[in-house]
S.K.: 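Attaching a single structure in structure tokens format; questions to follow.
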Amino acid sequence: MKIGIDARASICYEGTGIGTYTYELINNLNKVDSKTIYNLYAHKNECNFPNKNINFNIKEVKKITN
């Protein structure tokens, strides 16, 4: 199975409810699940999850500027 998670909230809203929830969700899934493929969508170089398992992939989402 593959699951995609918008990981931008864990960085952009750090310290808020949704930011903390997203970070903890990713962190705990990393600890308990080594079979499911997780694609974490975030801006380039902003998604820092140390010690992530091989089944967690960072996918770049480009910033839109006007």
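In this text the structure is predicted, and so the values were computed from the model without any measurement.
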S.K.: Check side chain to side chain contact (heavy atoms under 4.5 Å, CB included) between N39 and all other residues, then give those that pass, not counting sequence neighbours.
M.R.: I37, Y41, N57, K59
S.K.: Checking T22 side chain against G19 main chain: does a donor-acceptor pair fall under 3.5 Å?
M.R.: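 No; judged by distance alone, with no hydrogens or angles, the pair does not exist.
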S.K.: List the atom of I26, the atom of A7, and the distance in Å for their closest heavy-atom pair.
M.R.: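 Residues I26 and A7, closest heavy atoms: CD1-CB, 3.9 Å.
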S.K.: With a 4.5 Å heavy-atom cut-off, do R8 and H43 have their side chains touching?
M.R.: yes
S.K.: For D33, give me all partners under salt bridge (charged side-chain N to carboxylate O under 4.0 Å, His left out), at least two apart in sequence or on another chain.
M.R.: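 Once residues adjacent in sequence are excluded, D33 has no partner under the salt bridge (charged side-chain N to carboxylate O under 4.0 Å, His left out) criterion.
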S.K.: With K31, which residues qualify under side chain to side chain contact (heavy atoms under 4.5 Å, CB included), at least two apart?
M.R.: N27, N28
S.K.: Is L40 reachable from I54 through a run of hydrophobic residues whose side-chain heavy atoms are each under 4.5 Å from the next?
M.R.: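 No, it is not one cluster - the side chains of I54 and L40 are not joined through contacts under 4.5 Å.
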S.K.: For the residue pair K52 and I58, what are the closest heavy atoms and their distance?
M.R.: CE-CG1, 3.7 Å
S.K.: Using 0.5 Å steps for rounding, measure from the CG atom of N53 to the CG atom of N30.
M.R.: 4.0 Å
S.K.: Using a 4.5 Å cut-off on heavy atoms from C-beta on, say whether the side chain of L29 contacts that of F56.
M.R.: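 In short, these two side chains touch, coming nearer than 4.5 Å.
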